[in-house]
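Take a look at the structure below.
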Amino acid sequence: MYKKVRGFRDIFGDEIYYWNFIEKIIYDLSRRYGYSEYKIPVLEKAEVFNRGIGSTTDIVEKEMFIFKDKNDDFLALRPEGTAGMVRGFVENKLYAISGVKKYFYYGPMFRRERPQKGRYRQFYQFGVEAFGSASPVLDSEVIKLLTDFFKECKIEDKLKLEINSIGCPECRPLYKDKLTEYFETSKDELCEDCRRRLNTNPMRILDCKIESCKAIAEKAPVMINYLCRECAQHFESVKTNLSNMNVSFEVNPHMVRGLDYYVRTAFEMVTDEFEANSTVGAGGRYDGLVKQLGGPDQPGIGFAVGIDRLVGLMESKDVIPQYHLDIFFVLPDGLLDEGVKIINNIREKGYSVDMDFDLGSVKSQMKKANRFKAKFALIFGQNELDKKSVTIKDMDKGNQELVPFSRLMEKLSIKLDK
RNA sequence: GUGGGUGUAGCUCAGCUCGGUAGAGCGCUGGAUUGUGGCUCCAGUGGUCGCGGGUUCAAAUCCCGUCACUCACCCCA
């Protein structure tokens with residue numbers, strides 16, 4: 001028997017209704033905020049991600065599906081959406097359009113990590129990107145879109161918005177020096193990982209889950225106290241605008257970003273439902289990225305939501321209306337040809353109809369009607385044919401009535417149209 | 001890449017310590033109800049015990065190896 005490859009999965013059955021529900025929200029809500037869909041290729045030259053994400057990040061260093069093409073190009077399955085989006089933005093010269101350019105994407109991403117709860121090698125992200133404005137009002141609008149999204153998914157009560165400012169290339173280096181200096185003094189008390197982080201990425205220590213490190217990080221200097229004047233003003237404005245839109249948030253000065261391209265505003269939607277992998281959506285500003293990938297110096301901001309994790313959250317809460325088949329068609333005798341005509345007529349009116357092609361006993365067909373959660377069973381046997389009628393049985397109430405062909409559609413409309 | 005846990009029926013799992021006929025619940029099929037579902041009762045169907053090797057008269061059970069899944073770390077959505 002063939003098995004799926006590690007970290008990949010099939011999505012079907014009850015779970016797929018959650019996906020369809022979410023997908024509708026993605027398309028409707030994005031449009032409402034003025035974003036148009038952008039379909040990014042799944043495959044890019046590996047260089048796009050090296051440049052865009054940062055060649056020293058874990059994503060690029062050890063998590064990309066990368067291979068050599070027949071013409072010796074190195075290609076990679078996209079591990080995230082932003083780098084490819086920006087490549088397209090530059091390649092198609094979309095920067096030439098005046099004003100803010102807003103796009104959203106939705107699709108699978110690929111990272112070669114060890115799978116665990118809420119983490120797969122193929123996972124789906126919905127993300128938005130807005131280019132061309134450095135206004136903090138845009139930051140707050142993007143964040144509002146994110147919180148609206150979870151609200152429509154009916155799980156906002158399971159999530160908390162955290163925001164932070166991680167400074168800019170002007171003020172962050174100074175802060176990093178201060179931070180490194182601080183941690184150096186208590187280096188011996190840090191865990192092994194954190195001693196390594198001290199050299200590679202000291203800001204990560206703020207994020208460590210080990211109690212002893214937490215205690216040290218607690219008193220560490222925080223970025224928001226070292227912001228340059230512009231960054232500080234920007235952050236204040238974002239917070240004010242969020243409050244004006246009634247968005248509740250928490251400033252988490254220990255929030256960090258793994259990807260090099262982020263500046264200033266960083267935000268996350270986190271849950272405490274999962275043991276690990278508690279971030280369901282995250283984003284931030286990336287003002288230098290467009291230039292980094294060969295375009296003009298246009299600012300940008302965006303977020304990405306992990307749909308697999310979102311579905312995982314929603315499944316523990318009964319938020320999706322169950323799917324009910326309108327009609328299950330029961331044919332006890334050899335009246336298949338006649339029955340199919342009726343079924344076809346009903347489908348063309350827009351109702352959902354199914355039947356059992358094995359045509360077992362009426363009893364077994366009724367059982368199937370029940371299993372499909374049909375609202376009505378239509379029974380069509382010799383008795384009905386003789387009277388040019390169909391029996392309509394209400395599966396909830398249990399009552400039934402004989403309806404002549406000529407009045408069938410009218411009857412269904414009364415019963416099924418809300 | 002590192003560490004822990006688990007692989008037995010379609011699904012959830014018991015049995016393994018202390019070797020001796022492979023089990024339960026749910027599901028599925030049929031019947032009680034010959035043209036009527038859900039509830040109940042009855043019967044039936046269903047497994048190379050992950051795979052390979054070893055020990056033994058005898059292995060789901062003990063030993064070795066291997067693969068898979070899973071949770072966690074690193075990191076991330």
Side-chain angles (χ1 to χ4, degrees), chain A residues 1-9 13 53 56-64 78-82 106-127 146 159 191-194 196-197 200-201 204 207-210 256-259 267-271 274-284 302-313 328 330-333 335 356 358-385 391-400 402:
Chain A
M1 186 172 61
Y2 291 110
K3 303 186 76 174
K4 53 191 162 314
V5 328
R6 166 175 288 174
F8 288 68
R9 66 190 186 120
I53 301 169
T56 60
T57 58
D58 274 18
I59 291 180
V60 168
E61 271 189 342
K62 52 184 205 189
E63 293 172 3
M64 279 209 293
R78 61 185 188 192
E80 54 103 60
T82 304
Y106 168 66
M109 306 296 164
F110 305 85
R111 289 182 202 172
R112 205 180 177 294
E113 304 172 277
R114 277 295 271 280
Q116 65 188 71
K117 194 175 184 64
R119 158 179 288 169
Y120 308 97
R121 288 184 171 187
Q122 174 175 333
F123 59 102
Y124 290 75
Q125 285 190 332
F126 155 53
L146 181 65
L159 292 164
C191 70
E192 198 183 324
D193 281 329
C194 284
R196 178 177 49 78
R197 289 176 179 128
T200 55
N201 190 353
R204 275 267 162 233
D207 212 24
C208 187
K209 287 166 192 160
I210 301 198
V256 294
R257 277 286 97 105
L259 280 45
F267 51 96
E268 284 183 17
M269 295 296 290
V270 295
T271 176
F274 298 146
E275 292 293 320
N277 304 322
S278 57
T279 303
V280 182
F303 67 69
V305 175
I307 303 300
D308 307 72
R309 286 181 186 178
L310 173 57
V311 170
L313 261 188
F328 192 88
V330 176
L331 288 145
D333 305 311
L335 300 175
D356 179 16
D358 289 338
L359 298 183
S361 65
V362 171
K363 186 190 175 79
S364 74
Q365 291 189 57
M366 287 302 293
K367 273 187 170 179
K368 276 169 184 138
N370 195 53
R371 207 180 309 145
F372 278 110
K373 300 187 178 77
K375 294 170 191 154
F376 295 94
L378 258 57
I379 302 166
F380 180 63
Q382 194 60 49
N383 292 347
E384 283 79 4
L385 181 62
T391 297
I392 301 180
K393 175 160 186 171
D394 187 312
M395 295 298 283
D396 274 338
K397 298 188 181 117
N399 57 357
Q400 63 185 51
L402 194 64

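Reminder, nothing fancy here: chain letters follow the sequence lines and each chain counts from 1.
- Nucleotides B:G20 and B:G4, compared at atom P, are 30 Å apart to the nearest Å.
- Distance A:Asp394 CG to B:G37 C1': 12 Å, rounded to the nearest Å.
- B:A32 and B:G7 have their C1' atoms separated by 40 Å, with the value rounded to a whole Å.
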So which protein nitrogen or oxygen atoms get under 3.5 Å of nucleotides 48-51 of chain B's nitrogens or oxygens?
none

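- With rounding to whole Å, A:Arg111 atom CZ is found 18 Å from B:G1 atom P.
- At a cut-off of 3.5 angstrom, the base of B:G38 holds no donor-acceptor pair with the side chain of A:Asn370.
- For the residue pair A:Arg121 and A:Pro115, the shortest heavy atom distance occurs at NE-CD, 4.3 Å.
- Rounded to an integer number of Å, the gap from CG of A:Leu402 to P of B:G35 is 17 Å.
- Here the closest non-hydrogen pair linking A:Gly81 and A:Gln125 is N-OE1, 4.2 Å.
- Of the possible polar contacts, none joining the A:Glu113 side chain to the A:Glu63 backbone as a donor-acceptor pair under 3.5 Å is found.
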Please list, pair by pair, any protein nitrogen or oxygen found under 3.5 Å from a nitrogen or oxygen in nucleotides 66-70 of chain B.
{"unit_1": "B:A68", "atom_1": "O2'", "unit_2": "A:Lys3", "atom_2": "NZ", "d": "3.0"}
{"unit_1": "B:C69", "atom_1": "OP2", "unit_2": "A:Arg6", "atom_2": "NE", "d": "3.1"}
{"unit_1": "B:C69", "atom_1": "OP2", "unit_2": "A:Arg6", "atom_2": "NH2", "d": "3.2"}

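- At a cut-off of 3.5 Å, with distance as the only test, a side-chain donor of A:Thr391 or A:Glu384 sits close to an acceptor on the other residue.
- The two residues A:Asp356 and A:Lys368 come nearest to each other via the heavy atoms OD2-NZ, 3.0 Å.
- The nearest whole Å value for the distance from the NZ atom in A:Lys397 to the C1' atom in B:G38 is 16 Å.
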Please tabulate, one pair per line, each protein N/O and nucleotide N/O from nucleotides 26-34 of chain B that are separated by under 3.5 Å, including the distance.
{"unit_1": "B:C28", "atom_1": "OP1", "unit_2": "A:Arg371", "atom_2": "NE", "d": "3.2"}

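- Few gaps surround CZ on A:Arg9; more than 12 heavy atoms of other groups in view lie less than 6.0 Å from it.
- With a cut-off of 3.5 Å on both Watson-Crick or G-U wobble distances, the partner of B:G5 is given as B:C69.
- Rounded to the nearest Å, the gap between the C1' atom of B:U8 and that of B:A68 is 15 Å.
- In this structure, A:Gln122 and A:Phe110 approach most closely via the heavy-atom pair OE1-CE2, 3.3 Å.
- At the heavy-atom level, A:Asp207 lies nowhere under 4.0 Å from the strands shown.
- Across the C1' atoms, B:A22 and B:A58 are found 16 Å apart, a figure rounded to whole Å.
- Nearest heavy-atom pair, A:Pro79 versus A:Ile59, reported as atom, atom and distance to 0.1 Å: CB-CG2, 3.6 Å.
- Summarising the geometry, the separation between CG on A:Asp356 and P on B:U36 is reported as 16 Å, rounded to the nearest angstrom.
- The backbone N or O of A:Val280 sits nowhere less than 3.5 Å from a side-chain atom of A:Arg309 that would complete a donor-acceptor pair.
- Using a distance-only test at 3.5 Å, with no hydrogens or angles considered, a donor-acceptor pair links the side chain of A:Arg78 to the main chain of A:Pro108.
- Pairing for B:C11 is with B:G25, a Watson-Crick or G-U wobble pair whose two hydrogen-bonding atom distances lie under 3.5 Å.
- Looking at A:Glu384, its side chain comes within 3.5 Å of the base of B:G35 through a donor and an acceptor atom.
- In this structure, the CG atom of A:Leu359 is 14 Å from the C1' atom of B:G35, given to the nearest Å.
- Pair check for B:A58 finds none; no Watson-Crick or G-U wobble contact set falls under 3.5 Å.
- Within 4.0 Å (heavy atoms only), A:Glu113 reaches at least one base atom of the nucleic acid.
- Here A:Ala282 lies in heavy-atom contact (under 4.0 Å) with sugar-phosphate atoms only.
- Considering only side-chain atoms of A:Met366, the nucleotide from B:A77, B:U36, B:C75 that sits closest is B:U36.
- Phosphate contact (OP1/OP2 of B:C75, side-chain N/O of A:Arg197, threshold under 4.0 Å): present.
- Looking only at side-chain heavy atoms (C-beta outward), A:Glu80 and A:Arg111 come within less than 4.5 Å of each other.
- When every heavy atom of A:Cys208 is checked against every heavy atom of A:Arg197, the shortest pair comes out as SG-NH1, 3.8 Å.
- Looking at heavy-atom distances under 4.0 Å, A:Val305 makes no contact with the nucleic acid at all.
- Across all strands shown, B:C49 forms no Watson-Crick or G-U wobble pair with both key distances under 3.5 Å.
- Only the P atoms considered, B:C49 is 31 Å distant from B:U2, to the nearest whole Å.
- Across every strand in view, B:A77 sits unpaired, with no contact that passes the Watson-Crick or G-U test at under 3.5 angstrom.
- Base pairing analysis places B:C41 opposite B:G31; the two distances defining the Watson-Crick or G-U wobble pair are each below 3.5 Å.
- Here the separation of B:C63 from B:U56, taken at their C1' atoms, is 12 Å to the nearest Å.
- Comparing A:Phe123 and A:Gln400, the nucleotide of RNA chain B nearest to each residue sits closer to the 5' end for A:Gln400.
- Contact annotation for A:Gly118: base contact, defined as any heavy-atom pair under 4.0 Å involving a base atom.
- With the nearest nucleotide of RNA chain B identified for both A:Cys208 and A:Lys393, A:Lys393 has the one nearer the 5' end.
- Nucleotides B:C67 and B:C51 have their C1' atoms positioned 7 Å apart, rounded to a whole Å.
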How far apart are the C-alpha atoms of A:Phe380 and A:Val330, what are their side-chain angles, what is the distance that settles it, and do they pass the side-chain contact (heavy atoms from CB on, under 4.5 Å) test? CA-CA 6 Å; A:Phe380 180 63; A:Val330 176; over 6 Å; no
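- When rounded to the nearest whole Å, the span between CG of A:Asp193 and C1' of B:A72 equals 13 Å.
- Separation of atoms CE (A:Met269) and CG (A:Leu310) is listed at 10.0 Å; rounding is to 0.5 Å.
- The nearest whole Å value for the distance from the CZ atom in A:Arg119 to the C1' atom in B:A77 is 9 Å.
- Separating the P atom of B:C71 from that of B:C13 is a span of 13 Å, rounded to the nearest Å.
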